[in-house]
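Start at 1 with the first residue, then count along the sequence.
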Amino acid sequence: MSTVLFDEPGPKARRRIRVATVLGTLAVVALAVLAVRQFAAGGQLDADRWQPYATWPMWRYLLTGLGSTALAAVVSAALSMAFGLVLALGRLSPRRWVRGPAACYVEVVRVIPALLLVYVVLFALPRYGLDLPLFWKLVVPLTLSNAAAFAEIFRAGILSIERGQTEAGLAIGLTRWRTMRLIVLPQAARRVLPSIVSQSVGLLKDTSLGYVVSYGELLFSSKVLANYNGLLIQTYIVVAAVYLAVNMSLSKLARTLEARQRAGRTLSGRSSARA
């Protein structure tokens, strides 16, 4: 069975994946146990060093940083998806002068680290008179970087739609653009929704690059807080737990959506077989 972006692994591949998962989990647990022992030996687990994180002012400050992270992630995701959809349609265009630049952008930007784009916006653009506000110094490079990934997701979703759907739209008198907008894109968007959520998880983690431009997102806020209270290890452990909770929730959402889509395709296949 194939999904939009990959083929389902066979029995041998699934066994290898399970073995690798078990070994990886054991290695992580071992490292965690070693870290806890080292922290305990250094007095980092003493109650007085964790007590400040049981107070509301501390959490209010961290939640403010989390709100800034969420704002940057939401704006970047919205702009990336819009730009990515344009790129995907460009790559599928029958016109070479449209298809070529879109493909070139996607292939080049996909191999450029997002951090490098942040440095370009931060240091290169101001030399040419384009000094963006702090918020956009983070959002613009994240948008440019993630748009290429979203473009490939949307393109895969569009290509997964049966050709007969497009032919049916053209047969009833719709233009190619209206067929794409009214018939193909809504179905493609539903199919790639789990992949969109998964990519959004990566984008949320990329907002930590706001640390470079001094944007007050969660990681930068944790740096300021650790410098203030001197609890470096405790602060970063708490912030890591916050990131873990948010990203695991989004990943769970992606898996749930994918499972529902898979169940829907199975039921649809059975209904077609009975018919």
Could you tabulate the donor-acceptor pairs under 3.5 Å formed by side-chain atoms of residues 239-254, not counting sequence neighbours?
| from | atom 1 | to | atom 2 | distance (Å) |
| --- | --- | --- | --- | --- |
| Tyr243 | OH | Glu217 | OE1 | 3.4 |
| Asn247 | ND2 | Tyr243 | O | 3.2 |
| Ser249 | OG | Ala245 | O | 2.8 |
| Ser251 | OG | Asn247 | O | 2.9 |

Report task. Take Leu89 and Trp177, measure what side chain to side chain contact (heavy atoms under 4.5 Å, CB included) needs, and give me the verdict at the end. Result -> CA-CA 10 Å; Leu89 295 175; Trp177 164 241; 4.0 Å; yes
Query raised in the report: Would you find a donor on one side and an acceptor on the other, under 3.5 Å apart, between the side chain of Thr55 and the backbone of Gln51?
Result: no
Requested in this report: May I ask whether Val98 and Leu85 are part of the same hydrophobic cluster, defined by side-chain heavy atoms of I, L, V, M, F, W, Y residues being less than 4.5 angstrom apart, directly or through others?
Outcome: no
Query raised in the report: Is the CZ atom of Arg176 crowded by more than 12 outside heavy atoms at less than 6.0 Å?
Result: no
Query - Residue Tyr105 excluded, over 12 heavy atoms near OH under 6.0 Å - result: yes
Report task. Just grab all the salt bridge (Lys or Arg N to Asp or Glu O under 4.0 Å) pairs involving residues 112-137, residues at least two apart or on different chains. Result -> Asp131-Lys137
**Report entry** Flag, side chain of Ser208 to backbone of Lys205, donor-acceptor distance under 3.5 Å
**Finding:** yes
Query raised in the report: Where the side chain of Thr235 meets the backbone of Leu231, is there a donor-acceptor pair that is under 3.5 Å apart?
Result: yes
Query raised in the report: Has the side chain of Trp59 got a donor or acceptor atom that lies under 3.5 Å from a matching backbone atom of Ala54?
Result: no
Report task. Just grab all the salt bridge (Lys or Arg N to Asp or Glu O under 4.0 Å) pairs involving residues 103-112, residues at least two apart or on different chains. Result -> Arg91-Glu107, Arg110-Glu152
Query raised in the report: Under 3.5 Å, side chain of Ser160 to main-chain N/O of Gly157, donor-acceptor pair present?
Result: yes
Query - Within the 6.0 Å centroid threshold, strictly below: Tyr215 and Phe135 - result: yes
**Report entry** Identified side chain to side chain contact (heavy atoms under 4.5 Å, CB included) counterpart of Leu142 within the set Leu138, Val140, Leu144, Val139
**Finding:** Leu138
